[in-house]
Amino acid sequence: MKNIKEVLNKVYNNPELRKSIVPLFIGNPGLGKTVMIEQFAKENGANLVELITSQMSPFEISGIAMPDKDTKKMTYYNFDKLEDLKDGDILFFDELLNGNPVVLNACLTILEQRRFISGKPLPNIMIVAAANPQGMVPLTPQIKERFVWYDVKFDKKMWVDYMIESKRITRKIGNKLATVISMRNSHLIISIPLEV
C-alpha cells in the first residue's frame with residue numbers, strides 16, 4: 001500500500017514515464033487503492049478524472065461517430081468528460097478489468113494511442129488504473145503488456161489510521177474491522193507475475 005504513492009510520484013513527475021507507463025494496481029476491494037490515488041491527485045493539485053469502467057459503455061470511453069445529415073460525412077464526438085482533460089491531469093480507470101471486455105478495449109485504445117476517436121491527442125496526462133481480482137476478464141498477453149502491474153496487499157495500520165482520520169471511527173472499531181478484512185483477504189490473495 002505504501003508503495004502506491006511512490007509509484008505514482010515517479011510516473012507523474014517524469015515526463016517520459018507519464019507518456020509511456022500505465023501503473024495498474026490490483027488488489028481486493030476495500031484496500032484503499034482508489035483513496036490513495038484520489039489523495040495523490042489532491043496533494044499534487046491535479047484534476048482527477050475517474051472512470052468506473054465496470055459501469056460504463058464503450059462510447060463513454062472512446063466517444064462515438066455519427067453521420068452528419070448536412071455534410072453527409074461521419075462526425076466524431078469525444079466523450080465530454082475526457083474532452084476537458086488538460087496537461088497535468090490524471091485519468092483514472094477504476095475497476096478496469098472488472099467490466100465488459102468491449103469497454104476494456106475502448107480503454108486500451110485510448111491508453112495505447114494517447115488520442116481521442118476524433119484524432120485529437122490527449123494532453124500531457126498521467127493514466128493510472130486499478131482492478132479487483134474477483135471477476136477479472138481473461139488476461140491476454142496484449143492486455144498484460146500495456147501495464148506495469150502492482151499487487152496491492154492490505155496494510156492494517158495504514159487502513160485504520162485512514163479510517164480514524166477520514167471517517168472518525170475509534171481505533172478499537174478500526175482494528176476490529178481491519179482484522180475482518182485481513183481474514184477475508186487471506187483467502188483471496190492472488191499473485192501477479194509481472195511486477196516492476
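Side-chain atoms are counted along with the backbone in the values below, which use heavy atoms only and exclude waters and symmetry mates.
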**Prompt:** Is it the case that more than 12 heavy atoms not belonging to M66 sit under 6.0 Å from its CE atom?
**Reply:** no

**Item:** Atom pair CG (N13) and CG (N44), whose distance is rounded to the nearest 0.5 Å
**Value:** 6.5 Å

**Fill in**
Scanning both residues in full, the closest heavy-atom pair of G174 with V160 reads O-CG2, 3.5 Å

**Asked** Hey, does I164 have a side-chain heavy atom less than 4.5 Å from the side chain of T170?
**Response** no

**Prompt:** Is there a donor-acceptor pair under 3.5 Å between the side chain of K33 and the backbone N or O of G27?
**Reply:** yes

**Request:** Mind checking the CG-CZ spacing from L111 to F147? Nearest 0.5 Å is all I need.
**Result:** 5.0 Å

**Request:** Examine V49 and F59 and state if one hydrophobic cluster contains both, with Ile, Leu, Val, Met, Phe, Trp and Tyr joined whenever side-chain heavy atoms are less than 4.5 Å apart.
**Result:** no

**Asked** Among V22, L51, T53, L97, which one satisfies side-chain contact (heavy atoms from CB on, under 4.5 Å) with C107?
**Response** T53

**Prompt:** Nearest 0.5 Å, what's the CZ-CG distance between R114 and N124?
**Reply:** 8.5 Å

**Message:** Let me check something: do V137 and M56 share a hydrophobic cluster, defined by ILVMFWY side-chain heavy atoms less than 4.5 Å apart, either directly or through other members?
**Reply:** yes

**Message:** Are Y77 and F79 connected into the same hydrophobic cluster when the rule is that any two of I, L, V, M, F, W, Y join if their side-chain heavy atoms are below 4.5 Å apart?
**Reply:** no

**Message:** Evaluate Y150 against I4 for side chain to side chain contact (heavy atoms under 4.5 Å, CB included), listing each step before the verdict.
**Reply:** CA-CA 8 Å; Y150 295 93; I4 291 178; over 6 Å; no

**Item:** Nearest-0.5 Å distance, CD1 of residue I169 to CG of residue L177
**Value:** 5.5 Å

**Asked** Does a side-chain N-to-carboxylate-O contact under 4.0 Å join D161 and R171?
**Response** yes

**Item:** Nearest non-hydrogen partners of I90 and A46, listed with the distance
**Value:** CD1-CB, 3.9 Å

**Prompt:** Should E38 and E50 count as side-chain neighbours, where that means a heavy-atom distance under 4.5 Å?
**Reply:** yes

**Request:** Output, in order, the C-alpha distance, side-chain angles, deciding distance and verdict of salt bridge (Lys or Arg N to Asp or Glu O under 4.0 Å) for E60 and K81.
**Result:** CA-CA 8 Å; E60 290 176 292; K81 197 169 185 180; over 6 Å; no

**Message:** Hydrophobic cluster membership, with links at side-chain heavy-atom distances under 4.5 Å among I/L/V/M/F/W/Y: are M36 and V148 in one?
**Reply:** yes

**Complete:** When every non-hydrogen atom of V102 is compared with those of P58, the smallest separation belongs to CG1-CG, 3.5 Å

**Asked** How far does CG of N100 sit from CD of Q55, to the nearest 0.5 angstrom?
**Response** 13.0 Å

**Item:** Short side-chain to backbone donor-acceptor contact, W149 and F25, under 3.5 Å
**Value:** no

**Prompt:** Counting N and O atoms only, with roles assigned by atom type, does the side chain of Y12 sit under 3.5 Å from a partner on the main chain of L17, one being a donor and the other an acceptor?
**Reply:** no

**Asked** Hey, are K10 and E6 close enough for a salt bridge, meaning a charged N less than 4.0 Å from a carboxylate O?
**Response** yes

**Request:** Please answer: with hydrophobic residues joined when any side-chain heavy atoms are less than 4.5 Å apart, are I110 and I52 in the same cluster?
**Result:** no

**Message:** Measuring only between side-chain heavy atoms, which start at C-beta, is I127 closer than 4.5 Å to I125?
**Reply:** yes

**Request:** Check whether any side-chain heavy atom of V152 lies under 4.5 Å from a side-chain heavy atom of N3, and answer yes or no.
**Result:** no

**Item:** Expected output: side-chain N98 to main-chain Q134 donor-acceptor under 3.5 Å
**Value:** yes

**Item:** Salt-bridge contact K120-E83 (side-chain N to carboxylate O under 4.0 Å)
**Value:** yes

**Asked** Passes side chain to side chain contact (heavy atoms under 4.5 Å, CB included), L48 versus D89? Steps please.
**Response** CA-CA 6 Å; L48 180 74; D89 286 349; over 6 Å; no

**Residue pair I26 / M136, side-chain heavy-atom distance below 4.5 Å** = yes

**Complete:** So CD of E43 and CG of L8: to nearest 0.5 Å the spacing works out to 10.0 Å

**Worked verdict on R146 versus L108 for side chain to side chain contact (heavy atoms under 4.5 Å, CB included)** = CA-CA 8 Å; R146 289 186 168 104; L108 294 176; 3.7 Å; yes

**Prompt:** Shortest non-hydrogen contact from R115 to P121?
**Reply:** CB-CA, 3.8 Å

**Asked** Under the side chain to side chain contact (heavy atoms under 4.5 Å, CB included) criterion, do V128 and V11 qualify, and how do the steps go?
**Response** CA-CA 10 Å; V128 63; V11 174; over 6 Å; no

**Prompt:** Have N132 and E95 got a donor and an acceptor in their side chains that come within less than 3.5 Å?
**Reply:** no

